[in-house]
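Note sheet for the following structure.
First listed ligand is number 1; within each ligand, the first listed atom is number 1.
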Amino acid sequence: MKLPFLPKKEWGQNFLLDKNLLQKIVDSCPFDKKTIIVEIGSGYGHLTEFLAKSNCHQVISYEKDAQLHFWLQSKWKEQKNKVIFLYQDALKINWPELRQKYNQFLTFLVVGNLPYSIANSLIFNLLESAELFENLVFLIQKEVAQRWVATPQKYKKEYSALSVYISLITKPEIIFFVPKQCFFPQPSVDGALVRLEIKKEIQLEKEKRVQFWAFLKNCFRHRRKTLWNNLLIASYQEKKIREVFQKLKYEKNIRPQQLTIQDYLSVFNFLQIELK
Ligand code: SAH
């Protein structure tokens, strides 16, 4: 396979060439003619082409690699007015500003065959502005995907603070796995397509989410320790921890991996009240 430029490994340049797979990704995306699709990482435009052929309203595609961006812009022939290519680092997108530029009545879908190195930072940025979007669909490393969708029952070993935080804001789901052989050049691990539907009602006000995230990180800091000990290490007073555990009827030896998002919200809310 000959590409115009040498793939840059550090920018996660593992391209998708299989047309069936590209179509399958588009078919897994929830959108209609009022949707603006924001693509992260145009690459050679393989996915962009399939997105542009769909009945969406518009595609805005970001690329950080100048070589690829300008090459693609000069070659692009199809549906010219439907696609906007932007040369920009996706981690620096001002999402509220972008959203504001477009008609209030359009829905926003963010999609990408993501460079593995930016997946977690990008999802964080997007969750911070979650109310701007309806859905996010990403092809990411299989292990990262499992971490994103993990619960105390599913992918238990991957269940982490990030899994809980993601499930506060979205309904995440792995749609299908993608063997590493489907990418060029081939990465060392398989991928998975994940769809995150933003919840219409998020159970925690925006102002409290930063605090909740810090709290979750404390709860999972030492995975082998009990929740009780993790809270102690995070400097919560033992008396307060005891009160919360009594109220919620938790065994003292409960581990962070056993609590659901609802449990974490309860503990967090109780500790908030107790702290006042
Ligand atoms: N969508 C294409 C390319 C996927 S590879 C395909 O599926 O074939 C990932 C792409 O993201 C690469 O082109 C890489 O240069 C680009 N990229 C890497 N880091 C980026 C960033 N921070 N912002 C935007 N694009 C980035």
Side-chain angles (χ1 to χ4, degrees), residues 1-29 31 36-54 56 58-76 78-79 82-95 97-98 108-129 133 136-142 144-145 175-195:
M1 174 76 214
K2 187 96 181 86
L3 294 172
F5 309 108
L6 268 183
K8 298 182 185 68
K9 205 176 168 190
E10 67 281 13
W11 285 358
Q13 294 186 352
N14 302 101
F15 304 104
L16 286 177
L17 310 170
D18 182 335
K19 292 191 177 357
N20 289 330
L21 178 59
L22 289 161
Q23 187 58 51
K24 219 170 129 188
I25 294 175
V26 176
D27 291 343
S28 308
C29 290
F31 62 84
I36 295 206
I37 302 185
V38 178
E39 189 197 7
I40 307 299
S42 333
Y44 290 98
H46 294 121
L47 182 58
T48 326
E49 195 183 319
F50 279 78
L51 294 169
K53 275 195 288 198
S54 76
C56 72
Q58 177 127 63
V59 180
I60 306 173
S61 185
Y62 286 88
E63 175 56 61
K64 184 184 174 178
D65 183 338
Q67 241 179 359
L68 283 183
H69 167 78
F70 291 106
W71 179 90
L72 186 56
Q73 226 176 16
S74 68
K75 295 272 173 204
W76 192 263
E78 280 187 46
Q79 316 251 16
K82 201 157 170 187
V83 188
I84 301 172
F85 290 107
L86 296 172
Y87 167 44
Q88 199 192 318
D89 182 342
L91 293 180
K92 299 201 176 125
I93 299 173
N94 182 330
W95 292 102
E97 201 177 279
L98 177 69
F108 250 57
L109 166 72
V110 187
V111 178
N113 169 17
L114 288 192
Y116 295 157
S117 57
I118 73 164
N120 281 336
S121 310
L122 183 75
I123 191 74
F124 246 95
N125 291 354
L126 292 166
L127 293 183
E128 226 168 62
S129 300
F133 314 106
L136 315 170
V137 179
F138 295 126
L139 180 49
I140 52 177
Q141 227 172 311
K142 183 175 158 188
V144 177
I175 316 285
F176 54 81
F177 292 105
V178 180
K180 56 188 175 208
Q181 292 79 5
C182 292
F183 299 88
F184 183 85
Q186 189 178 311
S188 53
V189 289
D190 294 331
L193 191 77
V194 185
R195 182 167 59 212

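- Near Glu39, meaning under 4.0 Å from one of its heavy atoms, ligand 1 places the atoms 1 (N).
- If you check which protein heavy atom lies closest to atom 7 (O) of ligand 1, you get Asn113 ND2, 3.0 Å.
- Checking only distances, Leu16 does come within under 3.5 Å of ligand 1, N or O to N or O.
- Given atom 3 (C) of ligand 1, the protein heavy atom at minimum distance is Gly41 O, 3.5 Å.
- Applying the 6.0 Å contact sphere to NZ of Lys53 captures more than 12 heavy atoms from other residues, nucleotides or ligands.
- Near Pro115, meaning under 4.0 Å from one of its heavy atoms, ligand 1 places the atoms 11 (O), 17 (N), 18 (C), 19 (N).
- Taking distance alone, with nitrogen or oxygen atoms compared against 3.5 Å, Glu63 approaches ligand 1 more closely than that limit.
- Counting only heavy atoms from C-beta outward, the side chains of Phe31 and Val137 never approach each other to under 4.5 Å.
- Applying the 4.0 Å criterion to heavy atoms of Leu68 picks out, from ligand 1, the atoms 13 (O).
- Counting heavy atoms closer than 4.0 Å to ligand 1, residue Ser42 contributes backbone atoms (N, CA, C, O) but none from C-beta onward.
- Interface atoms of ligand 1 facing Ala90, defined by a heavy-atom separation under 4.0 Å, are 21 (C), 22 (N), 23 (N), 24 (C).
- Ring geometry for Phe15 against His46 counts as perpendicular: the plane angle is over 60°, on a 0 to 90° scale with 30° as the lower cut.
- Contacts between Leu139 and ligand 1 below 4.0 angstrom, taking non-hydrogen atoms only, are absent altogether.
- Of all protein heavy atoms, the one lying nearest to atom 26 (C) of ligand 1 is Lys64 CB, 3.7 Å.
- With rounding to the nearest 0.5 Å, the separation of CH2 in Trp11 from CD1 in Ile118 is 11.5 Å.
- Counting all heavy atoms, side chain and backbone alike, Glu39 lies closest to Ser42 at OE1-CA, 4.0 Å.
- Taking the six-membered ring for Trp and thresholds of 30 and 60 degrees, Phe85 and Trp76 have ring planes more than 60 degrees apart, a perpendicular arrangement.
- Heavy-atom neighbours of Lys9 NZ from other residues, nucleotides or ligands within 6.0 Å: at or below the threshold of 12.
- Annotation for ligand 1: atoms under 4.0 Å from non-hydrogen atoms of Gln88 are 23 (N), 24 (C).
- Across every non-hydrogen atom of Pro187 and Phe183, the tightest pair is CD-CB, 3.5 Å.
- The Gly12 neighbourhood of ligand 1 comprises atoms 5 (S), 9 (C), with distances under 4.0 Å to a heavy atom of that residue.
- Each of the following atoms of ligand 1 lies closer than 4.0 Å to a heavy atom of Asp89: 21 (C), 22 (N), 23 (N).
- Considering backbone and side-chain atoms together, Tyr44 places no N or O closer than 3.5 Å to any N or O of ligand 1.
- Of all non-hydrogen atoms in Lys180 and Val189, the two that sit nearest each other are CB-O, 3.4 Å.
- The minimum heavy-atom distance linking Phe138 with Leu126 is given by the pair CZ-CD1, 3.6 Å.
- Every atom of ligand 1 with a heavy atom of Gly43 under 4.0 Å away is listed here by number and element: 3 (C), 13 (O).
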